[in-house]
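Have a look at the structure below, then the notes.
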Amino acid sequence: QDLSHDTRARDGIYDLGSRAETWRHFWHPVATLDELREAKPGGRGPLQSTLLGEKVGIAEIDGKIVAFEDRCPHRGVALTLGWAEDEGLRCRYHGWCFDNTGKATEIPSLPPGATLPARARLKQYDCEVRYDLIWVRLDSSLDTQIPDFPGWDDESMHCIMGEPYLWACSSGRRMENFMDVTHFPFAHQGTLGAPPNTVFPVYPVDQADRRLTWKTETFLAANPGSDTYGPPTHPDSVMIPPARYVIEMPFSITLMFTWTETFATQIFMHATPIDGITCRSYWFTCHTVDDSADEVHLQLQDMVLGEDLPVVVTHEPARIGEPNEEISVLPDKPMILWRRWIRELDIAARRGPEELQAALDQVAIESEEAGV
Ligand code: FES
Ligand code: CO
C-alpha cells in the first residue's frame, strides 16, 4: 500500500489556525507494522509516509525500526526509493549507505579506506512500535508519551486492528466527529440512533492528565439492523450502553462501552495529521473475548464510517477555522472544550516547550471523580 500522500495544503496551518510545529511535539502513527512488512520484498522497507506535511521514511536497519527525513544528504533525493540491506539503508542514486544511527558507512564513489564526511548523516526522528503501529515524533524537545490504549494490555479483551483510512478533512474534524453523540440520530439514522431520541444531556467533562474524559448514559436508539451486534437487543431498538470517552490530546480517542457486567467493547482511534486538511485514522475495535467473528465487529465499524465519511469530507473549511466562525450549542460541549484546549496548546507552544508543557498539564475537574 502506498502511504506517500501528496499534501493538499502546504501552508502548515492546522485546526483553529494552529501550526505544524505544535503537533510535531506529539507521537503519531505513520504506518502499521504490517504496512512496513509488506512494503518491499524482505519485509524491512523502506516505506515512505507523510506526517504534518513532511515525507518520513521508515525502515528496519540492523534489527531496529527507524524513522528519518526522506532526503538523502548527498543530493536530496528520496531515500525510500532505495533498499534496506544487511549493511544498512542504501540510496538508489549513488549508493551511499547509512546505518541505524543515521551515519553514512559507505560512499561507493570513494576509494576503500577514505574518510567519510562527518556531516554525511540522516536526520532521524523518534520512532517506536506500539500496538502494532509505527509511531513517530518529529520534535523531541518536550516529554510526550504515546497515547494510552487500555484494551491492548487487557487480557480479557480481543483487539482487532481496522484498515487505516485517509479522509479529506483535518484531524480536528475527524476527532470532533468521533466525540460527538448528537449526530447519531441523523447521520447514523437506523444504525446508532434515530428521531425522536435526539436530546442528549450535557455531561461533566474532566480535563486532567493531558486528557478530556466524560461519561455518557444509556440512550435508546431505534436500530432494527443491529441484531447481530452486542447485547441487549430488541426487535426495533437497541440501547447504546453507558460509555466512557477519553481524548488524549491532541488526536487520540478511546471510547469504552459497558454493555453488561461481563461484556464490554472499546474503540481506539488516532487521527494522524497528513497535512492541515487531510488525516489518516489508525484504529482498533476491541471486545470482551467471546466466540464472535472479527468480521461482525469490523462490519459494524465499516457501516458507521461509511455513514460519517460523506458528511465529514464536506466541511467548509476542511479544517476548523477561527474560534467564532461556527455556531455551537450546549450539547457541543466536548468539542468546544477540545477546541479551546487545542488553541491554548498552540498559543503556549509559540512561547516555548515549557509553556506548552504547562498548557498540557492543566487540570479542571467537573465530575465528582477527581483524578479519574
Ligand atoms: Fe543519495 Fe547521491 S543522492 S547517494
Ligand atoms: Co459518526
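Every number for a ligand or one of its atoms is a count from 1 in the order of the listing.
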With the threshold set at 4.0 Å, does a side-chain nitrogen-carboxylate oxygen contact exist between [X] and [Y]?
X: Lys333; Y: Glu366; value: yes
X: Asp86; Y: Arg44; value: yes
X: Arg137; Y: Asp126; value: yes

Centres of the Trp152 and Phe284 rings: under 6.0 Å?
-> yes

Knowing that exactly one of Asp361, Asp148, Asp206 qualifies, which makes a salt bridge (charged side-chain N to carboxylate O under 4.0 Å, His left out) with Arg211?
-> Asp148

Number of protein N/O/S atoms less than 2.8 Å from atom 1 (Fe) of ligand 1?
-> 2

Identify whether Ile274 and Ile134 are in the same connected component of the hydrophobic contact network (ILVMFWY, side-chain heavy atoms under 4.5 Å).
-> no

Check whether any N, O or S atom of Asp308, backbone or side chain, sits closer than 2.8 Å to the Co ion (ligand 2).
-> yes

